[in-house]
Colleague: 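I have a structure here, written as structure tokens, and I will follow up with some questions on it.
Order of the sequence lines sets the chain letters (A, B, ...), proteins ahead of strands, with each chain counted from 1. What you are looking at is a predicted structure, and each value in this text was computed from that prediction instead of being measured.
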There are 2 protein chains.
Amino acid sequence: MPAARPRQADATPTPRKATPRPRARPAAAPAGGVPFVQAVDASFLESLLGYNARRAALAVIDVFLQRMAAYGLRPVDFSVLSLVVHNPGITSRQLCTTLGILPPNLVNLVASLQERGLIDRLPHPRDGRATGLHPTAAATKLMQKAERTAADLEADVAARLAPGEVATLLRLLRKLYAGD
Amino acid sequence: MPAARPRQADATPTPRKATPRPRARPAAAPAGGVPFVQAVDASFLESLLGYNARRAALAVIDVFLQRMAAYGLRPVDFSVLSLVVHNPGITSRQLCTTLGILPPNLVNLVASLQERGLIDRLPHPRDGRATGLHPTAAATKLMQKAERTAADLEADVAARLAPGEVATLLRLLRKLYAGD
DNA sequence: TATTGTTATACTCTATAACTATA
DNA sequence: TATAGTTATAGAGTATAACAATA
């Protein structure tokens with residue numbers, strides 16, 4: 001990464017003027033006037049996988065966010081707790097690798113869950129450098145409900161698709177990021 | 001949101017102790033000892049659409065980010081410029097609605113593109129409150145190459161899928177966020 | 001020497017309130 | 001009054017460098 005990308009820099013003073021644009025395919029404008037847009041044409045963007053995958057992810061995650069608020073869990077909290085419940089003794093490093101979180105950014109997240117009484121931290125039995133993360137009884141109970149809610153949400157979203165399309169979609173999505 | 005999430009606070013002293021966990025399905029640990037994890041089980045998360053859609057989006061966008069760096073364009077810059085090129089005279093409001101960006105966050109973005117000589121701003125011919133955004137010749141030239149690069153990238157990603165699966169994937173993704 | 005976990009820090013992204021000019 | 005654009009600002013999310021303890 002080259003740095004921060006300056007805001008006010010300059011490089012190009014932007015003199016270029018406002019070429020009257022003689023008759024260059026007006027978007028939705030009259031004859032020779034300044035064109036304006038009535039209906040936005042986003043067809044090119046909509047042809048891109050990244051654009052569509054991001055929009056779909058945001059739509060699903062938005063619903064996820066709303067329903068998990070009842071448990072005081074953001075998506076990342078849910079992900080971490082789910083992994084801890086299903087993998088008692090998992091280390092921070094393993095969480096980071098699995099979820100793509102950087103270690104410094106996991107510290108406060110885990111500390112917060114510990115303060116809420118959802119995670120116990122015990123010395124790792126094989127590696128003195130590491131700390132094992134263990135679900136408390138409260139966490140196990142909470143995640144039973146939360147994962148049920150997630151499954152319900154999944155069913156609701158699946159209702160937008162035809163039977164079998166959910167499995168197809170999951171399979172294709174996994175093929176996209178497999179190996180990353 | 002309750003605030004900043006305290007660092008060392010306390011609230012719950014986390015006494016809960018380390019329940020020896022008699023024989024409760026050890027993740028990968030021996031008999032009665034503290035369990036630890038050898039291979040992380042992420043099967044539940046991997047069954048969720050949101051999780052997979054997000055990972056796929058991030059994987060694709062990451063490649064996008066790398067290749068567009070050659071043009072000095074982040075994904076959002078590409079999206080904005082693409083819409084401006086295909087919709088000369090589009091307004092900030094129309095960009096925000098199409099891309100899901102909040103107006104205050106578009107201001108510096110557009111200003112930056114204008115400083116780079118890629119966008120001209122002209123008064124809207126029908127609405128005195130609005131400003132039409134127009135591509136400069138440099139922007140048109142740049143986006144011809146950038147959109148070609150995006151199409152190439154699309155083909156590379158599509159190589160991971162069988163013929164026809166890309167169309168299927170796009171169709172299913174759109175069904176997920178349709179109406180949002 | 002390499003790795004785990006941590007602190008401090010900085011940059012980016014996203015969100016809200018409030019203001020102006022025009023419709 | 002409602003909308004387009006803007007400013008200022010706050011809050012998440014994400015990133016790097018550097019350190020202590022252990023492997």
Colleague: Rounded to whole angstrom units, what separation is found between the CD atom of A/Gln114 and the P atom of C/dT6?
Modeller: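 Distance check: A/Gln114 CD to C/dT6 P gives 9 Å.
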Colleague: For B/Asn108 and C/dA15, what is the distance between atoms CG and P respectively, to the nearest whole Å?
Modeller: 16 Å
Colleague: What is the distance, rounded to the nearest whole Å, between atom NE2 of A/His124 and atom P of C/dG5?
Modeller: 9 Å
Colleague: Take the protein atom CG of B/Leu99 and the nucleotide atom C1' of C/dT14, then report the distance between them rounded to whole Å.
Modeller: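 After rounding, the reported distance stands at 15 Å.
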Colleague: Round to the nearest Å and state the distance from A/Asp62 atom CG to D/dA12 atom C1'.
Modeller: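 My rounded result for the distance is 15 Å.
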Colleague: What does the B/S/- profile of nucleotides 17-23 of chain D look like, 5' to 3', with a 4.0 Å heavy-atom cutoff to protein?
Modeller: B----BS
Colleague: Using atom CG of B/Leu102 as one end and atom P of D/dA12 as the other, report the distance to the nearest whole Å.
Modeller: 16 Å
Colleague: Side chain of A/Arg174, backbone of B/Glu46: donor and acceptor closer than 3.5 Å?
Modeller: yes
Colleague: Take the protein atom CZ of A/Arg93 and the nucleotide atom C1' of C/dA2, then report the distance between them rounded to whole Å.
Modeller: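 In whole Å, C/dA2 C1' and A/Arg93 CZ are 11 Å from each other.
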Colleague: Please compare B/Asn105 and B/Thr91 by the position of their nearest nucleotide in DNA chain D and report the one closer to 5'.
Modeller: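 The answer here is B/Thr91.
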Colleague: A/Arg74 side chain N/O closer than 4.0 Å to the phosphate oxygens (OP1, OP2) of D/dG13?
Modeller: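 Checking D/dG13 against A/Arg74, a side-chain N or O does come within under 4.0 Å of OP1 or OP2.
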Colleague: Rounding to a whole Å, what distance do you find between A/Leu65:CG and C/dA15:C1'?
Modeller: 13 Å
Colleague: Kindly indicate, with the supporting measurements, whether the criterion side chain to side chain contact (heavy atoms under 4.5 Å, CB included) is fulfilled by A/Leu173 and B/Leu169.
Modeller: CA-CA 8 Å; A/Leu173 287 174; B/Leu169 181 52; 4.1 Å; yes
Colleague: State plainly whether the residues B/Asp77 and B/Arg116 are in salt-bridge range, i.e. N to O under 4.0 Å.
Modeller: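 Salt bridge absent between B/Asp77 and B/Arg116.
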Colleague: Starting from A/Ile61, can I reach A/Ile101 by hopping between I/L/V/M/F/W/Y residues whose side chains sit under 4.5 Å apart?
Modeller: no
Colleague: Holding to ring-ring contact (aromatic ring centres under 6.0 Å, His included), I want the full list of residues that pass it with A/Tyr51, two or more places apart in sequence or in another chain.
Modeller: none
Colleague: State whether A/Asp127 and A/Arg93 are salt-bridged, where the test is any N-O pair (Lys NZ or Arg NE/NH1/NH2 against Asp/Glu carboxylate O) under 4.0 Å.
Modeller: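 So A/Asp127 does not pair with A/Arg93 through a salt bridge.
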